[in-house]
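Chain naming here is simple, since letters A, B, ... match the order of the sequence lines and numbering starts at 1 in each. Predicted model only: the values in this text are computed from it and were never measured.
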Amino acid sequence: MNAATAARRGWAYVPMTVLAAFFLFPIVFMVAASLKTDHQIFADMNSLRAFLPVGDLSLANYAAVFDRVPFWRFLGNTLFVTFMVTAFGLIVNSMCGYALARMRWKGRGLVFGLIITTLILPFDTTIVPMVYLVANLPWIGFDGLTPVLEFGWLNSYRVQIIPFIVNAFSIFLFAQYFKSLPKGLEEAAAIDGAGWLRTYWRIIVPLSKPVFATVAILTVVTSPATWNAYLWPLMTVQSEELRPVMVGVQYFFQLDTAWGEVMAYITMITVPMVIVFLVFQRAFIQSIASAGMKD
Amino acid sequence: MAAKLASRYPDSPTIEGAAATAAAPPQKRKRRSHSRAEQRAGTAFAVPGIVLLLVFVIGPAVVSLVLAFTNARLISPTPPEFIGLENFRRAFSEDATFHRSLFNTLLFACIVVPLQGGLGLVLALLVNQKLAGRNFFRTVFFLPVITSMVVVSLLWRFLYQEDGLVNSALSMLTGGAWAGQAWLANPSTALGAIVVMSVWQGVGFHMIIWLAGLQTIPEEVYEAGALDGTTPWQRFWHLTLPLLKPTFVFVLITITIAAMSLFVQVNIMTGGGPVGSTSTIVLQIVQKGFQQQQMGYGAALSLIFFCIVLTLALVQRRLTRDKDS
């Protein structure tokens, strides 16, 4: 590399640094402000001190968050729902994708057409009828040991989990991946006497770890029902002990907002995800990249 | 994406099947029973997905299609009545808030789609260079994507206040000349403020998509271009951009759908105000259909919204495809 190229490369750092500052400043401010009193936050606003943990620092805002909301309960709900949606989603969508990609059965073409059609249907378009629907769905509950037929799914975990297990895009990603696996895997397994389920579980799944990772990550990051769930639980879950973390922000909307507490709460619900991202960074980036390469 | 895949899709398993049959002709009888087992197994594998899809994706769409022609309410003692096109007449000829929302949503999409798509490409080009520390920059540009839109909206609501960080930064940069204003309380700046924070949050996602597209272009293409004595700009314009075409289509359609569905930011930051300047279609669907319990009317708005998004997606698809041939 000659000196001119090196110098030109060096110049690339100027826009990149400016952009990095633009992307980082709100997040740095959020964390710094969460440690300050409201008075201190506003006093620091006119200088670079706004981004620094300086002055009268304390964890008082964090303590206040625990007084205002049942944080651990919210976090537990979010983790539980996220886990269930992701785990069941991997099973249901991968099996459906497998049947579409590598098995011959009647109606397959129709089902595939249906899945492709729903790919462009944004979730928001059907949210209102969806509330109407889940409010009237049947469920078998238990009164002691006697099964009881009940109606209405509102205010439950199931309303936060079951509608979001199936995902057309996940099925599509699985089908694409399974099609790329070598032909004849099933025949070889059949000679050894393995049934379909066994073949799928013992041969296909171990060969397909990358696509399982991709779908799991995309589910956690982009599904409207996992870590970021907000509108749906806001509409369908009224009782406090079933609500997820994002809905918790509602508890901080007040006439005279305590901004220090707000900053502490949103820091608390952001940091876990950022840590997970930093640890699995390569997998995250690859998942999103592969989502765009499927056209 | 849809049509192309649907047409491409059904062939391969047939070929696969044919090859398998050809490879094992003596086992004809066994093969046939295997097929029946395959029919049963295939259906069993797909059924959970199909049922859930029918109930929770197709179901609500059908319910919406029916409710849109009724006066159904979320909780009501009287059963819904069929009222024909009344909801649509109301939406198009009476509901000024809906007109405003339609306009705001389209305006938002028209600004965000080129801005976020373009900035995403710029970021991708920057971090695609062989520079020390590019992984650090990639991570930083991507960080807001990991941050929930709920969190981002609350955070920026604070930054946009009259005594907030955005104003004090502008005041610092202009040496005190900037007077400062409450960005979200002013009808002429509120939507613009939401545009900026939406791009801030979402652009990292599309940077990664562009980057993946850039990395599929082999180095030799550029080397050949350089040998022909082209400038870097010519190479970008005549080599890089045409080769990024499939990525472009994906980015275009995904940003359009996301922009048209604008809701969380508005719900948390402005509630649609001031004076309707940030009200959007989805916000109206939720306010009318859910908060005001006019389920039928909300369903009608959903149907209108769906038709708009579908039309946009199909038009974009068609336009980008025509350029190809």
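- Neither the backbone nor the side chain of A:T267 comes within contact range of chain B; no heavy atom of the residue lies under 4.5 Å from a heavy atom of that chain.
- Between A:W232 and B:F290, the distance from one ring center to the other does not fall under 6.0 angstrom.
- The contact between A:Y132 and chain B is made by backbone and side chain atoms together, counting heavy-atom distances below 4.5 Å.
- With chain A as the partner, the residue from B:I257, B:I208, B:V63 showing the most heavy-atom pairs under 4.5 Å is B:I208.
- Heavy-atom pairs under 4.5 Å with chain B peak, among A:I162, A:V276, A:I171, at A:I162.
- Within the 4.5 angstrom heavy-atom criterion, only side-chain atoms of A:L137, from C-beta onward, approach chain B.
- Closest heavy-atom contact between A:Q281 and B:N135: OE1-O, 4.4 Å.
- When heavy atoms are compared at a cutoff of 4.5 Å, A:Y13 approaches chain B solely by way of its side chain, counted from C-beta outward.
- With chain A as the partner, the residue from B:L126, B:V282, B:L155 showing the most heavy-atom pairs under 4.5 Å is B:L155.
- With chain A as the partner, the residue from B:L67, B:V309, B:V57, B:L154 showing the most heavy-atom pairs under 4.5 Å is B:L154.
- Using a 4.5 Å cut-off between heavy atoms, A:V220 does not touch chain B at all.
- For A:F178, no part lies under 4.5 angstrom from a heavy atom of chain B.
- The distance between the ring centers of A:F277 and B:F142 falls below 6.0 angstrom.
- Between chain A and the options B:I268, B:V251, B:V127, heavy-atom pairs under 4.5 Å are most frequent for B:I268.
- Most heavy-atom pairs under 4.5 Å with chain A, from the set B:Q201, B:M260, B:R157: that is B:R157.
- Using cut-offs of 30° and 60° for the angle between ring planes, the A:F22 and B:W156 rings count as perpendicular.
- Aromatic ring pairs are classed by plane angle as parallel below 30°, tilted from 30° to 60° and perpendicular above 60°; the pair B:F45 and A:Y98 is tilted.
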